[in-house]
Structures are given as structure tokens and as C-alpha cells.
Amino acid sequence: MRVPGRFYLSQQLMGTLEEGAVRQLANIATLPGICRNSLAMPDIHWGYGFPIGGVGAFTMDEGIISPGGVGFDINCGVRLITTPLQRSDLGQLKKVLQELYNTIPTGVGTKSCVTVSDHELNRIMTEGARWTIEEGYGTERDLLWCEEQGCIEGADISHVSQKARKRGRPQCGTLGSGNHFLEVQCVEEIFDPEAARTFGIETGQICIMIHCGSRGLGHQICTDHLKVLEGAAKKYRIPLADKQLACAPLTSPEGEAYLSAMACAANYAWANRQMITHLTREVLSRAFSLSTEDMPLVYDVTHNVAKIEEHVVDGTRTTLCVHRKGATRAFGPGSHDLPPGCDAIGQPVIIPGSMGSSSYLLRGTDGAMEKTFGSTCHGAGRVLSRSQAKKTISGDSLQESLGRSGITVLAPSAGSIAEEAPDAYKPSAEVVKVVHEAGISAKVARLNPIGVIKG
DNA sequence: ATGTGC
């Protein structure tokens, strides 16, 4: 190890820490150009190469870029939309939820209501959410309240394969499967009234949370470039503690090619979430006579990406490539890329809970800038694998018991519900408690689910 | 996560 690994944990979460995940954090610390620490957020669990909940920052001159530090679902992320509705307005919740389920394509391999042309796909990959807005699926304001305004620079479509393009073209505007979901939530508790006011959140309000990523396009880009970077690691004589850490120097053509293709997938994911936002607003507009302006975006964050950012290291401003895999940017007050009016508060940070448990709205802090390269948890750390969850949990009885506690779940099968059972995940409240107490983000609000649609 | 797996 070139630097120490550092874990953010509590006694309780230490109990769910896997040996494999610890080894993976150590492996990150062996990579060239690793800066200060490899970092584990409290929702850490065993992943491909990097643990999920892992953060690694690398210097531009000596450092590397690794697809294993981003994940297969490039720019898997989450956004939160508010409505003027209260819980009591949702007498027809089940009807509206069914309407959302019918309107938003969910599940593996599903197709969007629009298949975009090759030219449009190029624009989606280079312009991100802006393309969606220009097509009439949202407002300029949506872009202001989105990390990077929904577009990472440096996207180069020449590094995206035909196979990836073919998979991506029919999927923009689809939710996907696994832990991806759309949730109708209610704001239960405000911890920081000033920040909540700035973010446009109040107690009792109905909100919509959307969690999804770059679908088959991002998956294929990851697969394609992993192969190239396995060769590149050998070529540049980078010793790998694990083959899954395939990587290339940030300054190499192979490294630059992955970064530019990764940006294409990240931009696609932002367009995807914006498209789903549009479909959601259409359904709610019809059901409750609301306008788009009645349903503003609180914010949109990515959980799986590597980005070139400036951070202060030992008192010096340094340009780094920050890998966040199952981790969220949590830029504090005075940082670059904050939404309007947030200079004194920091960026909004959205932490989805597992199905049936609370989600949180946090804000970025000075502590994150000082200790974690402006990063915090992402909220969904598994304790049971999918197959373990399916074996030990009955999806049918879970759906029933959630129903009894006022949470409606629409899903394609009992198995898909079992896989995402709250018991298959680390408790979101404990994860958030750790990042709040460590000062790497601060609690703003807690939201409870009342309706879930999932693939 | 994924047109889910050797």
C-alpha cells in the first residue's frame, strides 16, 4: 500500500464489513498516484475491483483511471422532485402509481417510448440533460439543479462501440431493474430548516425520487473498455493486486479513451433521468392538474463516476481524478458547481433508502472538502447478495407487510421485490448517522416512501 | 448494474 486506507464506520456497521471489501480498499491504495487515502464510506460492500462505497483520488501526472472505480452502471444516480401535494391529496395513490408504472418502462431490456436516431444519440452522449430540455422534456431550471448541469465535458463518441450504441438507442427514458426505482415519498422530518428552505423542501410535502443509470449503453462501454485497460495495465507495467483493477495512466491514450467514453455514458444517464422526470410530470399533471413549474427538481446526483476536480491537498490546490463508486459528491459551501443560492450551504446530496426505508436529503460540508475529496455515502450497501435475499426472503409476504404499513409496491415479480428487501441492505439511518457525525455531510431532511415502482 | 450465467 502506498497510502493508508480509511473507513467511515460505526460499531454497528463494522459488524457487516466484509473481509473482501477491506481487501479491496487496500488494493486501491496500491495503485500509482493514489492521493492521501483510499476511502470507504459507511455503506461499503464488496464490488467489482473497487468496493461499492469506495473513493479513490489520483494525481493527474502519476495517477490512473479504472473502470472498476466507476462501476458497470456508469452514472447510476438519483434525483428528487417536489410537488405541491400533501399526503391527504393521495387518496388515489394506487391509481396514480399504476399510471406511473404503465407510463415509465421498467425492467431488464425494456424499450423507451422513443428510439432515438444515431444523430440524436450523439447529441445525448455529448450534451446530456441539455438535449432532453431542448427536445421539450423539461426546463432550463432543471439543468441548474443538477450536478454538472447534467453534462460532463470531454465526451468523445468515437470511443463508444456500435454495440454500445445499439443497446443505448432504444433505452433512453427507461428505469431498468435491480435497485433502480421510482418512489413516491413524503417529507417526514426537517433537520436543517434554512437548507431545506433553500432546497425547496417542507414537512408533509409529497416528492418523487428517481434512481436509475445509463442502462445497456453504460454497461457495454464498461465491458468494452475493461478489455482494453486489461491490456494497458500490462503495457504500462502497472502491477495489479486484482485483475478487476484494470486501469491505465490518466495521461495515456487508453485512459483518455475510457474517460471520454465514460463521459458519454454519464451524459446519457442524465438525459435518461430527465426523460423519466418528464414522463412522471405528465402523469402527475394529468392526475392533479399541475404544471411543470409546480414540480421543480430539488437536485440530481451521480453515484458512479470518475471526475477531474481540484482539491486542496497539503495546502496546495491539486487537480485530481476522483473515482466515486457507490459514493456521492458532497461539495461544501463556497465550492465550484453549486446550484443557485447554495454558496453558503453547500450542494444538495440525495441518499436513497432501500425499499420501504427512509431516504435522506443532506448537504455538502467543509469537512467533506477537507477529508474525503468532497464525498459522502450513497445509501445502498448490500448485506445480502441477490441470490441470498431471494432464498431467505419471501417477496409476496414482504409486499403484503409493506402494504400494511402503507407502502404500495408495484414490481414485475415477487423475486424482484425480495432482492431489494430492506433486510438485504445496511440500515440507511445508521449510514447517514455516520456521515453526519463524521462531518462529511449534514442532514437536511428525511423522507418516507409511500409508493414504489421497480423493474 | 446487465439483451443477468461457463
Side-chain angles (χ1 to χ4, degrees), chain A residues 21 24 43-54 66-79 105-112 115-116 121 160-182 210-227 243-244 246 258 261-262 264-266 268-270 272-273 276 301-306 323-328 352 354-355 378-391 395 411-413 415-421 424-425 453-455:
Chain A
Q24 287 186 323
D43 45 352
I44 182 176
H45 81 106
W46 200 354
Y48 182 94
F50 276 48
I52 295 146
S66 173
V70 172
F72 275 83
D73 190 5
I74 297 163
N75 190 3
C76 176
V78 58
R79 59 168 52 191
T106 61
V108 181
T110 46
K111 291 189 174 173
S112 170
T115 287
V116 298
L121 182 64
V160 178
S161 69
Q162 283 305 317
K163 200 172 175 184
R165 296 178 66 100
K166 193 180 170 207
R167 288 178 71 175
R169 272 185 56 200
Q171 290 188 319
C172 194
T174 64
L175 198 61
S177 70
N179 68 353
H180 290 164
F181 64 75
L182 180 148
I210 295 166
H211 181 196
C212 63
S214 52
R215 311 287 286 105
L217 179 93
H219 192 274
Q220 191 62 47
I221 286 173
C222 180
T223 304
D224 292 339
H225 284 263
L226 266 174
K227 270 182 221 148
K243 191 186 163 195
Q244 294 183 353
Y258 169 68
M262 182 210 74
C264 289
Y268 178 98
W270 272 311
N272 188 27
R273 288 198 286 277
I276 294 170
V301 292
T302 162
H303 287 160
N304 277 6
V305 89
H323 295 63
R324 295 190 184 92
K325 184 193 194 177
T328 316
S354 52
M355 191 172 53
H378 86 310
R382 275 193 177 275
V383 291
L384 293 179
S385 72
R386 293 198 172 151
S387 54
Q388 281 173 316
K390 269 203 270 203
K391 245 182 266 174
S413 70
S416 82
I417 295 176
E419 281 182 1
E420 299 306 318
Y425 284 92
I453 71 170
K454 61 183 303 307

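This is a predicted model, so every value here is computed, not measured. Each chain gets a letter, A, B and so on, in the order its sequence line appears, and its residues count up from 1.
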Inset, instruction - Would you mind reading off the distance between A:His219 atom NE2 and B:dT4 atom P, rounded to a whole angstrom? - result: 10 Å

Inset, instruction - Calculate the interatomic distance between A:Arg215 atom CZ and B:dA1 atom C1'; express it in whole Å. - result: 9 Å

Inset, instruction - Would you mind classifying the nucleic acid contact of A:Glu419 as base, sugar-phosphate or nothing, using non-hydrogen atoms under 4.0 angstrom? - result: nothing

Legend entry - Residue-phosphate contact under 4.0 Å: A:Asn179 side-chain N/O, B:dA1 OP1/OP2: yes

Legend entry - Atom-to-atom span, CD1 of A:Ile52 to C1' of B:dA1 - whole angstrom: 9 Å

Inset, instruction - Remember a base hit wins even if backbone is also touched, and classify A:Gly71 as base, sugar-phosphate or nothing at under 4.0 Å, heavy atoms. - result: nothing

Inset, instruction - Grab the CD-P distance between A:Glu420 and B:dT4 for me, whole Å please. - result: 18 Å

Inset, instruction - Would you mind classifying the nucleic acid contact of A:Lys166 as base, sugar-phosphate or nothing, using non-hydrogen atoms under 4.0 angstrom? - result: nothing

Inset, instruction - Can you tell me the distance, in whole Å, between the NZ atom of A:Lys163 and the P atom of B:dT2? - result: 16 Å

Inset, instruction - Pick base, sugar-phosphate or nothing for A:Gly213, based on heavy-atom distances below 4.0 Å to the nucleic acid. - result: nothing

Inset, instruction - May I ask you to check whether A:Asn75 and A:Thr302 show a side-chain donor-acceptor distance below 3.5 Å? - result: yes

Inset, instruction - For A:Leu175 and B:dT2, give me the distance from atom CG to atom P, rounded to whole Å. - result: 9 Å

Legend entry - Separation of B:dT2 C1' from A:His180 NE2 (nearest whole Å): 10 Å

Legend entry - Check: A:Arg169 side chain, A:Val116 main-chain N or O, donor-acceptor pair, under 3.5 Å: yes

Legend entry - A:Leu121 vs A:Arg165 side-chain heavy atoms within contact, under 4.5 Å: yes

Inset, instruction - Measure from the side-chain heavy atoms of A:Phe72 and tell me the nearest of B:dT2, B:dA1, B:dT4. - result: B:dA1

Inset, instruction - For A:His180, enumerate each residue passing the ring-ring contact (aromatic ring centres under 6.0 Å, His included) test, keeping only those at least two apart in sequence or located in another chain. - result: A:His211

Inset, instruction - Would you indicate what A:Arg386 reaches in the nucleic acid, counting non-hydrogen atoms under 4.0 angstrom: base, sugar-phosphate, or nothing? - result: base

Inset, instruction - Respond yes when some side-chain nitrogen or oxygen of A:Ser214 is under 4.0 Å from OP1 or OP2 of B:dA1, and no when none is. - result: no

Inset, instruction - Please state how far atom CD1 in A:Ile221 lies from atom C1' in B:dA1, giving the value in whole angstrom units. - result: 14 Å

Legend entry - DNA chain B: 5'-proximal contact among A:Val108 and A:Gly178 (nearest heavy atom): A:Gly178

Legend entry - Check: A:His219/A:Asp73 side-chain N/O donor and acceptor closer than 3.5 Å: no

